[in-house]
Amino acid sequence: TQLLEQSPQFLSIQEGENLTVYCNSSSVFSSLQWYRQEPGEGPVLLVTVVTGGEVKKLKRLTFQFGDARKDSSLHITAAQPGDTGLYLCAGGLGDSWGKLQFGAGTQVVVTP
Amino acid sequence: KAGVTQTPRYLIKTRGQQVTLSCSPISGHRSVSWYQQTPGQGLQFLFEYFSETQRNKGNFPGRFSGRQFSNSRSEMNVSTLELGDSALYLCASSPQGQGENSPLHFGNGTRLTVT
């Protein structure tokens, strides 16, 4: 059973378009992280959000943590082929970040 | 600075055998976590070690075990392998394993195939 539900599971868009990935849960998390994983590699941390309502921007990526700390979204503006990858959200289950609950992931494909 | 190194990258084993996977964390990182990644279940937490002690454990059977050495290097062992153990096993390290300034750094994983 996934505590974190990600949607959509798969997203295919053209270069230049915008996209949003959602991460929802019925549980409250102390923090939430977003990772991107490319084939043959491990996940790479993009951002960590810890405060309800927090918004963080990383170039063309905008991350938002819900007010109740149960959900989050990732918005990519003007997507590029280099944004292709598996996007994973992960919630902190306590004080230790070594133990994270991951969503199933959203596979994003950006075609030129 | 060298990243997290996992060896071997690929492994093929037969049902009933046992396997040991190795993880060398980033220098100075004291927390090492292990995750299993499969297409059906995604990333599932196995266990976390900090300063040679298991700090957290996931919901995996006792066939899965691990340890951490004084230099923070970690190994995980799976005994009596089953077909369902086929997966990508990922190791992640962090300085402390907690706190906003202690993010996880993942290795590229060991792909285990059980036949």
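Proteins get letters first, then strands, A, B, ... in listed order; numbering begins at 1 in each.
Around CG of L58(A), the count of heavy atoms belonging to other residues, nucleotides or ligands within 6.0 Å exceeds 12. No more than 12 heavy atoms of other residues, nucleotides or ligands lie within 6.0 Å of OH in Y22(A), so this atom counts as exposed by the packing criterion. Counting heavy atoms of neighbouring residues, nucleotides and ligands inside a 6.0 Å radius, atom CZ of R60(A) exceeds 12 of them.
Using a 4.5 Å cut-off between heavy atoms, R111(B) does not touch chain A at all. For Q6(B), no part lies near chain A; criterion is any non-hydrogen pair under 4.5 Å.
The two residues L104(B) and L45(A) make their nearest non-hydrogen contact at O-CB, 4.3 Å. Summarising the geometry of L90(B) relative to G42(A), their closest heavy-atom pair is CD2-CA, 3.9 Å, with the distance given to 0.1 Å.
Linking ILVMFWY residues whenever their side-chain heavy atoms come closer than 4.5 Å, directly or via other members, places V19(B) and M76(B) in the same cluster. Note on L88(B): it clusters hydrophobically with L86(A), by side-chain heavy-atom contacts below 4.5 Å among ILVMFWY residues.
For the pair L100(A) and S33(B), the minimum side-chain heavy-atom distance is 4.5 Å or more.
From E38(A), atom CD reaches atom CG of N108(B) across 10.5 Å, with rounding to the nearest 0.5 Å.
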